[in-house]
Amino acid sequence: MRQKQNHMEFSLCIEELIFHPDVQSMSAISKHVNGVSCLDHSIFVSYISFLLCRRFKLDYTAAARGGLLHDLYLCDWITTRIKPWKRLHIHPEMALKNACIFGLSALEEDIILKHMWPISILRMPRYRESAIVSLADKISTIAELLRIYKLFHMDEWLVAFNNQPQLEMSYSI
């Protein structure tokens, strides 16, 4: 029952963003491994951030929104000539520029711009929510690279998430 309530509350946090064509276009961009799209990754980051921020009585709505938009860079790195290390530093700026159409709060902007901390050491999070989204991003990346998404029951969660009346999306994990 608690899990269903979490899914419903999470859906409300991101409902204004999730159906936007730019956000949906992330489903065509591969992330860290085959079978996990940028959208899959961003939803996972968003949900982990939502849960942690709610647990610690922080702004879980901003964390969910910022987590969903943190990788809204909208380019396929496979077809670009930008070196991998450079991508780590420029994609938060690209994501923030693209996400500005959603009328972000200062907190949401900080989340997106600083989600690569501590890799981008000069961009230290200003808010606790930003640090949590950064942590959630690392958790998701490790789960993808080690192919342990199933340990997080991510495949089951996405199926449950898809069956909610508010959000009808398709995922391929």
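We number each residue from 1, following the sequence as shown.
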Interatomic spacing from CG in D71 to CG in D137 - rounded to 0.5 Å: 6.0 Å
D110: partners by salt bridge (Lys or Arg N to Asp or Glu O under 4.0 Å), with sequence neighbours left out: K114
Inter-residue atom distance N98.CG - H20.NE2, 0.5 Å rounding: 10.0 Å
Interatomic distance, M94 atom CE to L72 atom CG [nearest 0.5 angstrom]: 10.0 Å
4.5 Å side-chain heavy-atom contact, I132 and I111: no
From F44 atom CZ to E144 atom CD, the distance as rounded to the nearest 0.5 Å: 8.0 Å
Between D40 and S37, a side-chain donor and acceptor under 3.5 Å: yes
Transitive ILVMFWY side-chain link M116 to V133, under 4.5 Å: no
Close side-chain approach of C38 and S42, heavy atoms under 4.5 Å: yes
Intermediate values then yes/no, side chain to side chain contact (heavy atoms under 4.5 Å, CB included), I101 and D22: CA-CA 10 Å; I101 63 170; D22 287 349; 3.8 Å; yes
Heavy-atom donor-acceptor pair, S46 side chain to A64 backbone, under 3.5 Å: yes
Side chain to side chain contact (heavy atoms under 4.5 Å, CB included) assessment of Y47 paired with H7: CA-CA 9 Å; Y47 190 64; H7 292 172; 3.1 Å; yes
Distance in Å, L58 CG paired with Y127 OH, rounded so as to fall on 0.5 Å steps: 13.0 Å
Those residues that, when tested against D59, pass side chain to side chain contact (heavy atoms under 4.5 Å, CB included) (two or more places apart): T61, A62, L107, E129
Hydrophobic cluster membership, F50 vs F19, 4.5 Å side-chain cutoff: yes
Nearest non-hydrogen partners of Y60 and E9, listed with the distance: OH-OE1, 4.2 Å
Donor-acceptor pair, side chain of S49 and main chain of V45, under 3.5 angstrom: yes
Residue pair Q24 / I18: nearest heavy atoms and the distance that separates them: NE2-O, 2.6 Å
Side-chain donor or acceptor of S140 paired with backbone N/O of A136 under 3.5 Å: no
Side chains of S105 and E109, donor plus acceptor under 3.5 Å: no
Nearest atoms (heavy-atom pairs only) where K138 meets W117: NZ-O, 3.4 Å
Listed partners of L17 passing side chain to side chain contact (heavy atoms under 4.5 Å, CB included), at least two apart: R65, L68, L69, F102
Flag if over 12 foreign heavy atoms under 6.0 Å of CZ, R54: yes
